[in-house]
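Each ligand, and each atom within it, is numbered from 1 in the order the structure gives. In this chain, numbering begins with 1 at the start of the sequence shown.
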Amino acid sequence: MRARVLENTRKLVLLMNERMALARQIAAIKNANGMQIRDPEREAAVRRALISENPLINLIFEATIVEQTGSPLMDRPVEISGNRDDLFLVLGLFLCRPGIEIHGSKIPDSFVSGCSISGGHTVPSSGACEDTVDIGSGFPVKMEENRMTIFPDLIRVKNRCNSIRVIF
Ligand SMILES: C=C(O[C@@H]1C=C(C(=O)O)C=C[C@H]1O)C(=O)O
């Protein structure tokens with residue numbers, strides 16, 4: 001079983017490197033022709049082909065696209081599909097960074113995991129925070145039944161604040 005999981009991991013790495021190399025070649029052709037690197041219609045077509053219920057795959061796809069423009073900043077909303085636990089895991093990964101404190105009550109376990117993977121930590125309290133993200137408000141993160149949309153403003157909050165209250 002371990003040999004198989006290792007082999008699977010090697011294939012994933014090869015495929016991901018191949019995908020990124022292809023996308024960089026396309027980006028170089030676009031650059032040479034004075035075209036925009038990002039193409040929202042094409043991205044939508046790729047997302048339709050992806051049809052993945054695995055939010056980590058969706059996240060990797062979004063991350064590889066952002067990587068091509070050479071910008072660490074998200075310039076448009078990112079949509080992630082998956083079940084509630086997976087979405088909260090990804091939200092924790094996105095919203096947190098080393099040293100950040102997330103305050104809140106009824107924090108989902110999967111969010112706690114995502115937050116700690118990103119180097120942050122959660123505080124089950126209502127102490128003073130620098131900003132608030134209300135999950136129910138629809139902005140800067142919109143939670144639906146099996147889908148979540150993260151708007152670039154969420155990343156701005158994350159970069160600006162060391163403590164954030166999240167209303168789950
Ligand atoms: C690779 C391309 O460029 C960008 C990257 C994409 C991708 O990684 O799938 C899709 C569309 C573009 O935003 C392309 O236009 O095909």
Enumerate, atom names and distances included, each donor-acceptor pair closer than 3.5 Å involving a side-chain atom of residues 79-93, sequence neighbours excluded.
unit_1, atom_1, unit_2, atom_2, d
Asn83, OD1, Asp85, N, 3.1
Asn83, OD1, Asp86, N, 2.9

* Asked: Between Glu130 and Arg160, is there a salt bridge with N-O shorter than 4.0 Å?
  ->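 Between Glu130 and Arg160 there is no salt bridge, as every charged N stays at least 4.0 Å from the carboxylate O atoms.
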* To do: Without swapping roles, check the side chain of Asn159 against the backbone of Ile155 for a donor-acceptor pair under 3.5 Å.
  =>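 Confirmed, Asn159 side chain pairs with Ile155 backbone.
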* Asked: Are the side chain of Ser118 and the backbone N or O of Cys115 linked by a donor-acceptor pair below 3.5 Å?
  ->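 The answer is no, because no donor-acceptor pair under 3.5 Å joins these two groups.
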* **Closest non-hydrogen atom pair between Cys96 and Lys158, with its separation** =>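 For Cys96 and Lys158, the tightest heavy-atom pair comes out as O-NZ, 3.3 Å.
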* To do: Please indicate whether Lys142 has more than 12 foreign heavy atoms, meaning atoms of other residues, nucleotides or ligands, lying under 6.0 Å from its NZ.
  =>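 No, the 6.0 Å shell around NZ holds no more than 12 heavy atoms from other groups.
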I'd like the atom pairs linking ligand 1 to the protein - N or O on both sides, separation under 3.5 Å - with distances to 0.1 Å.
unit_1, atom_1, unit_2, atom_2, d
ligand 1, 3 (O), Lys30, NZ, 2.9
ligand 1, 8 (O), Arg19, NH1, 3.0
ligand 1, 8 (O), Arg19, NH2, 3.4
ligand 1, 8 (O), Gln68, NE2, 3.2
ligand 1, 9 (O), Arg19, NH2, 2.7
ligand 1, 13 (O), Asp39, N, 2.9
ligand 1, 13 (O), Glu43, OE2, 2.6
ligand 1, 15 (O), Lys30, NZ, 2.6

